[in-house]
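Working notes for the structure below.
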Protein chains: 2
Amino acid sequence: MTDATKSTHVLQHQMESFEESCRAADLKLTHQRLEIYRELAKATDHPSAETLHKRLHQSMPTLSLDTVYRTLTTFEQHHLIKKVETVDSQAHYEAQMQQHHHLICDTCKEIMDFQWSSFDAVSVPEDILQWGAIKNKSITIYGTCRKCQALKEKKKLE
Amino acid sequence: MTDATKSTHVLQHQMESFEESCRAADLKLTHQRLEIYRELAKATDHPSAETLHKRLHQSMPTLSLDTVYRTLTTFEQHHLIKKVETVDSQAHYEAQMQQHHHLICDTCKEIMDFQWSSFDAVSVPEDILQWGAIKNKSITIYGTCRKCQALKEKKKLE
DNA sequence: TTGCAATTAAGAACAGTTCCTATTTACCTT
DNA sequence: AAGGTAAATAGGAACTGTTCTTAATTGCAA
């Protein structure tokens, strides 16, 4: 993922399948829901409810923060989006529902998506199968991103 | 890990190295700190501050919840314990600092530790190395544990 | 043992999220 | 196209989890 935002035609397609899922789930297609979903779908940075609210405020000045929270919760309950696991006190969300993993920078806290299909293909160790019914496995990689590494180097030299 | 609690001798050893780390970090060895650490170290369920406070309340009735929060934050800053990534609104902690992974039950939300040394040994895909300096990678497996599976089966038959 | 900086208890304050209620909206029926 | 109705929304109040403030207490160095 080199671009900060998705191509419009990929987003278009994602919006269409979202609308279909809403109809299937008996969720009314309100302006707020469509815009909140679109804003999350085009983001690559796993935003919080507050961040989404700020971004949408320009185009929708009367949108309430509560609506953003309520809408995200509704979407999550219908498996249209996911809550991202973090140690942060704010909840973060993503519209990416395909199998993927996360890179987290310990400095700027930015979360990036990545693929690792050979890992996805392996089955879990024998003894874990004893634990119960496995549904999904995902990796989180921690480290310092290039940007933050560069900043640290710069500070050292000062 | 078959037992719900650790053997006393393993815990003893962990307490000793904890005390050593505190002295090295210039952290005073107060009764509260020792007991909070001991309670977390002997737990296998990744408790929240509130849960730890409840467990300690019997033996330490005047221990304040704030002290539990403050102490856990101090320990975390000194890398003596870790905050666990969850989608929960409460923060969860663990004293286990060796490389390990998590199993999370989607029903009872219980978090279990597990090892996967062959995964630990492999290096990450080439393109991720471009991202920055990798420090650690860990897996979270989601599913339904045996206990909850059994409960669901029981409900179906009713 | 004494002195002092660090730590603590208790409750106030704060941040993030959810609830309450009156109003508005989507969309089904005709 | 217009009306009816259940669902959704805005705004603010309430709630939950966490952190801060202050005065009292405690660990530990001298």
Side-chain angles (χ1 to χ4, degrees), chain A residues 15 18-40 46-78 80-81 83-93 109, chain B residues 18-37 39-40 46-78 80-81 83-93 109:
Chain A
M15 286 309 299
F18 166 74
E19 289 179 32
E20 205 176 292
S21 303
C22 282
R23 276 188 287 266
D26 265 316
L27 292 178
K28 289 188 178 170
L29 287 166
T30 65
H31 180 55
Q32 289 87 338
R33 283 180 175 167
L34 286 164
E35 291 312 307
I36 291 168
Y37 184 83
R38 191 196 313 278
E39 196 66 40
L40 181 61
H46 311 76
S48 65
E50 202 188 342
T51 302
L52 284 172
H53 182 247
K54 271 183 196 150
R55 288 182 191 167
L56 288 162
H57 193 260
Q58 282 198 349
S59 50
M60 303 173 76
T62 67
L63 178 71
S64 78
L65 179 57
D66 177 51
T67 297
V68 179
Y69 274 109
R70 193 168 11 77
T71 304
L72 291 172
T73 304
T74 305
F75 290 170
E76 206 212 346
Q77 284 165 348
H78 288 86
L80 299 168
I81 66 170
K83 221 181 220 180
V84 180
E85 294 200 338
T86 63
V87 294
D88 198 356
S89 56
Q90 278 191 314
H92 292 259
Y93 294 89
K109 314 295 175 196
Chain B
F18 166 73
E19 289 178 32
E20 204 176 291
S21 303
C22 281
R23 276 189 286 267
D26 264 317
L27 292 178
K28 289 188 178 171
L29 287 166
T30 65
H31 179 54
Q32 290 88 339
R33 282 181 176 165
L34 286 164
E35 291 312 306
I36 290 167
Y37 184 84
E39 197 65 41
L40 181 62
H46 310 76
S48 65
E50 201 187 345
T51 302
L52 284 172
H53 182 246
K54 272 184 195 149
R55 286 180 193 168
L56 289 162
H57 193 261
Q58 282 198 347
S59 50
M60 303 173 75
T62 67
L63 178 72
S64 78
L65 179 57
D66 177 51
T67 297
V68 178
Y69 273 110
R70 192 165 14 74
T71 303
L72 291 172
T73 304
T74 304
F75 290 170
E76 205 212 346
Q77 284 165 346
H78 288 86
L80 300 167
I81 67 170
K83 220 181 221 180
V84 180
E85 295 200 338
T86 63
V87 293
D88 197 357
S89 56
Q90 279 191 314
H92 292 260
Y93 294 89
K109 314 295 175 195

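Letters A, B, ... mirror the listed sequences (proteins, then strands); counts begin at 1.
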Query raised in the report: Could you write nucleotides 25-30 of chain C as a row of B, S and -, 5' to 3', where a protein heavy atom under 4.0 Å of any base atom gives B, of only sugar-phosphate atoms gives S, and otherwise -?
Result: -BS---

Report task. State which of dT8(C), dA10(D), dG17(D) makes the closest approach to the side chain of Thr67(B). Result -> dT8(C)

Query raised in the report: Starting at the 5' end of DNA chain C, which residue's closest nucleotide do you reach first, Asp26(B) or Ala49(A)?
Result: Asp26(B)

Query raised in the report: In whole angstroms, how far is the C1' atom of dG16(C) from the CG atom of Asp88(B)?
Result: 14 Å

Requested in this report: Taking His92(B) for its side chain and His46(B) for its backbone only, find out whether a donor-acceptor pair lies under 3.5 Å.
Outcome: yes

Query raised in the report: Rounded to the nearest Å, what distance is computed from the OH atom of residue Tyr37(A) to the P atom of nucleotide dA8(D)?
Result: 18 Å

Report task. Report which part of the nucleic acid Arg33(B) touches: base, sugar-phosphate, or nothing (heavy-atom distance under 4.0 Å, all strands). Result -> sugar-phosphate

Report summary line: Closest non-hydrogen atoms of Ile36(A) and Leu63(A), given as atom of the first, atom of the second and distance, are CD1-CD1, 4.3 Å

Query raised in the report: Less than 3.5 Å between a donor and an acceptor, one on the side chain of Asp66(B) and one on the base of dA10(C), is that the case here?
Result: yes

Report task. Round to the nearest Å and state the distance from His78(B) atom NE2 to dA6(C) atom C1'. Result -> 12 Å

Requested in this report: Nearest whole angstrom, please: distance from the P of dT9(D) to the CG of Leu56(A).
Outcome: 13 Å

**Report entry** Whole-Å gap separating P (dA8(D)) and CZ (Phe75(A))
**Finding:** 11 Å

Query - Distance, rounded to the nearest Å, where Leu63(B) contributes CG and dG11(C) contributes P - result: 14 Å

Query - Sub-4.5 Å side-chain heavy-atom contact between Asp88(A) and Lys109(A) - result: no

Report task. Please name the pair of heavy atoms, one in Leu80(A) and one in Tyr37(A), separated by the smallest distance, quoted to 0.1 Å. Result -> O-CE1, 3.9 Å

Query raised in the report: At under 4.0 Å between heavy atoms, what does Ala91(B) touch on the DNA or RNA strands: base, sugar-phosphate, or nothing?
Result: sugar-phosphate

Query - Under-4.0 Å side-chain N/O to phosphate OP1/OP2 contact, Arg70(B) with dT8(C) - result: yes

Requested in this report: Please examine the side chains of Cys22(B) and Arg33(B), heavy atoms only from C-beta on, and report whether any two atoms are closer than 4.5 Å.
Outcome: no

Query raised in the report: Tell me, do Glu19(A) and Leu34(A) make a side-chain contact under 4.5 Å, heavy atoms counted?
Result: yes

Query - Spacing of Leu34(B) atom CG relative to dA6(C) atom C1', expressed in whole Å - result: 15 Å

Report task. Rounded off to whole Å, could you give me the CD-to-C1' distance for the Glu35(A) and dT9(D) pair? Result -> 15 Å

**Report entry** Aromatic plane relationship, Phe75(A) with Phe18(A) - under 30° parallel, 30 to 60° tilted, over 60° perpendicular
**Finding:** perpendicular

